[in-house]
Amino acid sequence: MVDTATPRVRVPRDATAGEIIEIKTLISHDMESGQRRNGDGDLIPRSIINRFTCDFNGQNVIDVAMEPAISTNPFFEFMAIVPESGTFVFTWYDDDGDVYTDSKDITVT
Amino acid sequence: MKLNRRDMIVLTAGASVAALLPVASSAQEAVDAIIAEFTGGAEMGAEGLTLTTPEIAENGNTVPVEVDAPGAASILVLASGNPTPKVATFTFGPMAGAQFASTRIRLAGTQDVVAIAKMQDGSFVRASREVKVTIGGCGG
């Protein structure tokens, strides 16, 4: 899954100071639950993204502990408050130790 | 003691009920244990947490779920009928605009989805909704 985990994030380009904005994130990932069996009847080992975080200018917005019950291509929608211009940083932590990140700038007008 | 046919039927019926019970109760125990771990055994209120799920999910592989609890510090989501009931724990930071989150989850079959919010004052709120699942989403 390492090669294909592509994050996609939607954040408004600008906001007014103190505005509450909606953020949507999606990352392509199989989220292999560890419950499924392959053609030979053997369990396919678990391989999921187990944590997702979003920070704004170094302060946390949301931190999600994820279990195998999260669907393939994990999707999250949540709200953030924007007191000033800055950068949202999104981080996904894979079971295999990989970390995927994306960031988006927002300007307060 | 001589067993006739009637005794035999009673015995096997009793045995099969006894065999089924531990399975059902151990799944419930697993859910209770996770809840107890999260709340520390505290009482749970019923107001202040909105859990939004579809009434019927045609595909258990991707069921949209929304939680909204103004003033919550974190929200735990459980699928009571899944092989592993824990789904996700959302923890809100200082930059959260609302204690709201939406995601998509897997459900093995028709079951109750349970959400428990830990409020900033340390109290707990529980909400639960039944989701009817047409095709389960745990493989196999």
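Quick note on labels: first sequence line is chain A, next is B, and so on, each numbered from 1. All of these numbers come straight from a predicted model, not from anything done at the bench.
No single ILVMFWY cluster, assembled from side-chain heavy atoms under 4.5 Å apart, contains both B:Val131 and B:Ile116. Linking Ile, Leu, Val, Met, Phe, Trp and Tyr residues whenever their side-chain heavy atoms come within less than 4.5 Å places A:Phe88 and A:Ile27 in a single cluster. A:Ile21 and A:Phe90 fall within the same hydrophobic cluster, where Ile, Leu, Val, Met, Phe, Trp and Tyr residues are linked whenever their side-chain heavy atoms come under 4.5 Å apart, directly or through other members. Hydrophobic clustering, with ILVMFWY side chains joined whenever heavy atoms are under 4.5 angstrom apart, keeps B:Val31 apart from B:Val113. Linking ILVMFWY side-chain heavy atoms closer than 4.5 Å, directly or via other members, places B:Phe92 and A:Phe76 in a single hydrophobic cluster.
Side-chain contact check for B:Arg104 and A:Thr72: no donor-acceptor pair (N or O, by modelled atom type) lies under 3.5 Å.
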Distance-only donor-acceptor pairs under 3.5 Å for side chains of residues 32-51 of chain B, two or more places apart:
from: B:Asp32; atom 1: OD1; to: B:Gln28; atom 2: NE2; distance (Å): 3.1
from: B:Thr39; atom 1: OG1; to: B:Ile35; atom 2: O; distance (Å): 3.0
from: B:Thr39; atom 1: OG1; to: B:Gly41; atom 2: N; distance (Å): 3.1

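Side-chain contact between B:Met95 and A:Pro83 is present, with heavy atoms from C-beta onward closer than 4.5 Å.
Interface remark: B:Ala98 contributes backbone and side-chain atoms alike to the contact with chain A (heavy atom separation under 4.5 Å). Proximity to chain B (any heavy atom under 4.5 Å) is shown, for A:Thr25, by neither the backbone nor the side chain. Only the side chain of A:Ile20 comes within contact range of chain B, judged by heavy atoms closer than 4.5 Å.
Heavy-atom minimum distance, B:Thr103 versus A:Phe75: OG1-O, 2.7 Å.
Residues that satisfy the side-chain hydrogen bond (donor to acceptor under 3.5 Å, both in side chains) test with B:Asp121, not counting sequence neighbours, are B:Ser123.
By a heavy-atom distance cut of under 4.5 Å, A:Phe56, A:Gln59, A:Asn60, A:Val61, A:Ile62, A:Asp63, A:Val64, A:Ala65, A:Met66, A:Glu67, A:Pro68, A:Ala69, A:Ile70, A:Ser71 are the residues of residues 49-71 of chain A near chain B, going up by number.
Residue pairs meeting the salt bridge (Lys or Arg N to Asp or Glu O under 4.0 Å) criterion with at least one partner in residues 87-99 of chain B, sequence neighbours excluded, do not occur; the list is empty.
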- Which is it for A:Phe78 and B:Phe90 under the side chain to side chain contact (heavy atoms under 4.5 Å, CB included) test, yes or no, and what are the steps along the way? CA-CA 10 Å; A:Phe78 51 93; B:Phe90 301 95; over 6 Å; no
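Counted within 6.0 Å of CD on B:Glu58, heavy atoms from surrounding residues, nucleotides or ligands total 12 or fewer; the atom is thus considered open.
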